[in-house]
Amino acid sequence: MISSSPRLVPVTPDTFDAVCAVRVHPAQEHLVSPVMKSLAEAYVHGDTAWPRAIVDGDEVVGFVMAFLDIVWDPAKDPDHRRSGLWRLNIAAGHQGRGYGRFAVEAVTEEIRRRGGTQVYVSWKAAENSPEPFYLGLGFRRTGELSGDEPVGVLDLT
């Protein structure tokens with residue numbers, strides 16, 4: 001499915017325009033923020049955001065951003081930290097080729113490399129929700145909500 005050797009690379013001045021040009025399928029636009037918003041959030045949350053371009057050959061095919069070691073609910077437990085998948089945008093013309101799975105697995109490996117034992121994700125519960133995709137990768141619902149989004153977790157042990 002994937003044409004060559006996909007990889008995650010930092011977003012740089014050389015890749016910025018191509019990364020910002022990533023657009024998901026129109027039926028998914030209500031499910032995920034545009035890359036530009038994600039990059040602004042990465043700037044604001046520079047200590048915990050891990051934004052990466054998904055590149056295959058010389059082509060940017062998507063964008064993924066992880067959150068690393070954030071305090072999950074400071075009012076409840078200021079010492080409880082989590083890491084996980086914050087955003088995943090695969091360009092409409094590149095969907096169904098394994099890039100999403102690759103990106104989730106690469107983020108999972110980065111979190112494992114940093115000593116994490118779980119990976120979290122949330123999704124919008126709406127038409128065309130990515131919930132089946134995440135559950136198919138082994139995530140399970142926690143019963144929690146992040147805002148109005150269900151939360152899933154993948155155990156790395």
Side-chain angles (χ1 to χ4, degrees), residues 1-12 15 18-19 22-25 28 31-35 37-57 59-74 77 79-92 94-126 128-157:
M1 294 255 231
I2 296 175
S3 61
S4 63
S5 184
R7 63 198 183 284
L8 299 187
V9 300
V11 178
T12 66
T15 60
V19 171
V22 169
R23 300 286 184 271
V24 297
H25 189 278
Q28 299 166 331
L31 298 170
V32 65
S33 294
V35 172
K37 179 177 181 187
S38 297
L39 290 173
E41 289 172 327
Y43 175 80
V44 172
H45 300 282
D47 293 341
T48 57
W50 194 71
R52 294 293 185 268
I54 306 166
V55 177
D56 193 355
E59 187 176 8
V60 173
V61 298
F63 172 81
V64 66
M65 186 163 71
F67 60 90
L68 301 170
D69 203 31
I70 65 163
V71 176
W72 185 253
D73 186 349
D77 183 351
D79 296 322
H80 180 74
R81 296 184 172 273
R82 292 183 180 181
S83 297
L85 189 67
W86 192 348
R87 288 282 152 61
L88 178 59
N89 303 62
I90 303 298
H94 293 286
Q95 292 183 9
R97 298 182 186 174
Y99 294 117
R101 174 182 290 275
F102 162 77
V104 172
E105 289 172 353
V107 165
T108 297
E109 286 308 309
E110 179 64 19
I111 291 170
R112 179 181 279 123
R113 187 186 70 73
R114 292 171 180 250
T117 59
Q118 294 181 308
V119 178
Y120 288 85
V121 67
S122 66
W123 56 81
K124 291 195 176 165
N128 298 316
S129 170
E131 179 177 12
F133 169 74
Y134 291 122
L135 296 179
L137 292 176
F139 286 85
R140 62 179 165 74
R141 281 178 166 253
T142 65
E144 302 169 289
L145 294 176
S146 177
D148 62 350
E149 297 182 357
V151 175
V153 64
L154 176 67
D155 294 314
L156 299 182
T157 54

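Only this structure's heavy atoms are used, side chains among them; waters, hydrogens and symmetry mates stay out.
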Pair E105-R101, salt bridge (Lys or Arg N to Asp or Glu O under 4.0 Å): steps then yes or no: CA-CA 6 Å; E105 289 172 353; R101 174 182 290 275; 3.6 Å; yes
I'd like to know if the side chain of [X] and the backbone of [Y] have a donor-acceptor N/O pair within less than 3.5 Å.
{"X": "E59", "Y": "D56", "answer": "no"}
{"X": "E149", "Y": "A125", "answer": "no"}
{"X": "S83", "Y": "D69", "answer": "yes"}
{"X": "S33", "Y": "S38", "answer": "no"}
{"X": "T142", "Y": "V151", "answer": "yes"}

R114 and E110 ion-paired at < 4.0 Å: yes
Are R141 and E131 ion-paired here, with the side-chain N under 4.0 Å from a carboxylate O? yes
Compare all side-chain heavy atoms of [X] with those of [Y] and state whether any distance is below 4.5 angstrom.
{"X": "L31", "Y": "N128", "result": "yes"}
{"X": "Y120", "Y": "W86", "result": "no"}
{"X": "V32", "Y": "L88", "result": "no"}
{"X": "D77", "Y": "W72", "result": "no"}
{"X": "L39", "Y": "Y43", "result": "no"}
{"X": "W50", "Y": "L8", "result": "yes"}
{"X": "F63", "Y": "R87", "result": "yes"}
{"X": "V107", "Y": "V64", "result": "yes"}

Per the side-chain contact (heavy atoms from CB on, under 4.5 Å) rule, which among I54, V22, V55, N89 passes with V61? I54
Do you know the tightest heavy-atom contact between [X] and [Y]?
{"X": "L137", "Y": "L154", "value": "O-CD1, 3.9 Å"}
{"X": "A49", "Y": "M65", "value": "CB-SD, 4.0 Å"}
{"X": "P132", "Y": "S129", "value": "CD-O, 3.3 Å"}

side-chain hydrogen bond (donor to acceptor under 3.5 Å, both in side chains) filter on D155, not counting sequence neighbours, yields Q118, R140
For the pair F139 and V104, evaluate side chain to side chain contact (heavy atoms under 4.5 Å, CB included) and give the outcome as yes or no after the intermediate values. CA-CA 11 Å; F139 286 85; V104 172; 3.9 Å; yes
Using 0.5 Å steps for rounding, measure from the [atom1] atom of [X] to the [atom2] atom of [Y].
{"X": "F133", "Y": "Q95", "atom1": "CZ", "atom2": "CD", "answer": "10.0 Å"}
{"X": "E41", "Y": "T48", "atom1": "CD", "atom2": "OG1", "answer": "10.0 Å"}
{"X": "L68", "Y": "H45", "atom1": "CG", "atom2": "NE2", "answer": "13.0 Å"}

For Y134 and W123, take the angle between the two ring planes, folded into 0 to 90°, and tell me which bin it lands in: parallel under 30, tilted 30 to 60, perpendicular over 60.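 Y134 and W123: parallel rings.
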Begin with the C-alpha distance, continue with both residues' side-chain angles, and end with the deciding distance and a verdict on side chain to side chain contact (heavy atoms under 4.5 Å, CB included) for R52 and R7. CA-CA 9 Å; R52 294 293 185 268; R7 63 198 183 284; over 6 Å; no
